[in-house]
Amino acid sequence: MSTTPRSTPAPHDASGQTRPRPAPARALTAEAPALRAAYRVCRRTTRREDPGIHALVQLMPAELRPACWALWAAASVLDDLADVPAAERAARVEAWTQALRHDQAVGAGSDPVRRALVDAADRWRLDLGGLRDAMVRTREDVHGLRLDDWAAWRAWCNQALVPWVDQVLHLFDRAGVPVTFRLDRQADYQRFVDGAQLTDTLTDLSTDLAHDRLPIPREAMDRFPGAEEDLLAGRWSPAVAALVADLTALARRRVVSRPLTRGMHPGPAVVLDTAAALLRTQLDAVEAAGAAVLKRVPRPSVAARARVLVPARVRSALAWSLTPLNAPTAPGPRRPSGTAGLPRPAADTGLRPPPPHPGGAKPPRIAADRMPAHVAVIMDGNGRWAEQRGLPRSEGHRAGTAAAHEVIYGALEIGLRHLTLYTLSTENWKRGREEISELIATLRGELAENSVRDLDVHQRWAGSPDRLPEDLVHSLRLDEHRTRDRTGLTLTVCINYGGRDEVVRTAAAIARAARDGDLDPHQLGEDDFVRHLPHPGMPDVDLLWRTGGEQRTSNFLPWHAAYAELYFTPGYWPDVDRRDLWEAITEYGRRQRRHGAVPAPLASPENVRPSPGSPGPRH
């Protein structure tokens, strides 16, 4: 592996003066021969196991390549372990992941792939905990794999690939070249990933069949009677030929990068465009293989790959030559083995509990069947609260932030699973420019400080990126990604959100899916609609609470709140604390939820009671 710096022009500042490119904090010099050898092993492994990935890595700056080799070599190790007989696979995968934890903790190890992976994670501050899903899938993968529908296929595929792609995106972010997929392009991103996964499925068909795996959903095979039986028997029949042709055409429609690369930094854009072109070349090889696709892995010709890669290398060199990168940092002090990240014991999360209530208030005890799963809040009255005190309205928004923290703490203490806060609506842009600017500044400050960063909170964002500053959108997406494995509370903040806008965007996604043949519009049901919502996993709202004395839902979560219990309180949002949330949940527990059915018996007094020391009603 070459360790010499790139020979590229130095970047310039706004005045035209040359800025020196930062030097790596610790180069892979002769002082670390074992580490250099480990990275060479990873490079050879990547080139041998996945020539396409190796070619894409070569389009990246030299500073990023070693970490990419380490990541994909580790992915190849797990892929090989997936082919180990089931009787010993779990033990071997577990041994590998535990060895990785040990190597992370002590900063040493004999296995070259793990050694390079640990060094790359330390240099670039990567959290390898995000690879847990991929390792769990490898450990639990079974022979005789069968998938019922496209949703099951997508979940199975994403568990294997997406965690590794996410690490590369983190790497770009650490290098100062964030690759942010806007919310309005998430469907395009998923389509591209689906196309890449489907290309991989067709390419590896012979290998999977040899291990008694058939990773094509029955939903697709049922359209070609006899195809499943023929595939399992290794027969190239007219049904199999028609199925492979149909899936190849579907993959080709999906590996389109242009919607994703608009507005993207030219370096990652070249990598993504080239990935799409290589995938299409691979699909050409699948088509040309015909019946041989069941016997061997089809590969594109050297000439076909060169037609894609030669011009890509020229474009890539130009794009990166103009880009200053953040240098990798020197590996920090070794962490205790419990925080090494793969996999972590459930109790050893490094997260803190919420701070106690200043007055010592404790949450009420509420029976499980009277506890809402999802509370949504319209945080109204910030501006009026400030005006009553002779303050600028912006001061009300700042005070409202503290109230939001209190409610989050209370949600964690009482065991609420989902909390959604209406922060900025699409209609709020009608307010004065100064107030909107102050609102955006408050949001920026909150994201920078992130007072819930160390809590067991999965942070999510719902809304449209239109009109929002790009840095704000990036911060929202980054927090969502960083906290995706947390399980205590799912907190969704609705920023630039409108319920009708969400429904319209969902309808547009369904129309695209119907146009592409992914669903039959005559068979469209509620489940299909939910799958195309921006957050399809969000449960229905059980309790919708609005402060500030107004009694309307204001275009907030119209789909999810169709059967929500409504709860209105007169106080302004900045005066709220966690006790108000507990009171709202207690009131919810007293109500009868019918959903059109016969009323259930009222809760007995012992099912809903305050805990000792808990205050009474506050309104």
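Every pair passing salt bridge (Lys or Arg N to Asp or Glu O under 4.0 Å) that includes a residue from residues 434-448 is listed here, sequence neighbours excluded: Arg393-Glu435, Arg398-Glu438, Arg431-Glu435, Arg444-Asp471. Sorted by first and then second residue, the ring-ring contact (aromatic ring centres under 6.0 Å, His included) pairs with a member in residues 425-447 form an empty list; sequence neighbours excluded. Identified under the side chain to side chain donor-acceptor pair (under 3.5 Å) test for residues 406-415, with sequence neighbours left out: Glu406-Arg578, Glu413-Arg578.
Ring geometry, Trp582 versus His357: the interplanar angle falls from 30° to 60°, so the pair is classed tilted.
Distance CG/Leu421 to CH2/Trp573: 6.0 Å, rounded to 0.5 Å.
Contacts of Tyr572 classified as ring pair (Phe, Tyr, Trp, His ring centres under 6.0 Å), with partners at least two apart in sequence or in another chain: none. Residues passing the ring pair (Phe, Tyr, Trp, His ring centres under 6.0 Å) test with Phe529, sequence neighbours excluded: Trp559. With sequence neighbours excluded, the residues forming a side chain to side chain contact (heavy atoms under 4.5 Å, CB included) with Arg531 are Asp527, Asp528, listed by chain and number. Listed by chain and number, the residues in a salt bridge (charged side-chain N to carboxylate O under 4.0 Å, His left out) with Asp501 are Arg505 (sequence neighbours excluded). Every residue two or more places apart in sequence or in another chain that forms a side-chain hydrogen bond (donor to acceptor under 3.5 Å, both in side chains) with Thr420 is listed here: His374. Remark: His170 engages His481 in a side-chain hydrogen bond (donor to acceptor under 3.5 Å, both in side chains) (not counting sequence neighbours). Listed by chain and number, the residues in a side chain to side chain contact (heavy atoms under 4.5 Å, CB included) with Ser554 are Arg546, Arg552 (sequence neighbours excluded). Partners of Pro536 according to the side chain to side chain contact (heavy atoms under 4.5 Å, CB included) rule, which considers only residues two or more places apart in sequence or in another chain, do not exist here. Partners of Ala175 according to the side chain to side chain contact (heavy atoms under 4.5 Å, CB included) rule, which considers only residues two or more places apart in sequence or in another chain, are Leu64, Trp124, Leu325.
With a 4.5 Å cut-off on side-chain heavy atoms, Leu455 and Leu351 do not count as touching.
Looking at Arg590 and Glu587, a side-chain N of the basic residue comes within less than 4.0 Å of a carboxylate O on the acidic one, giving a salt bridge.
Aromatic ring centres of His265 and Trp320 lie closer together than 6.0 Å.
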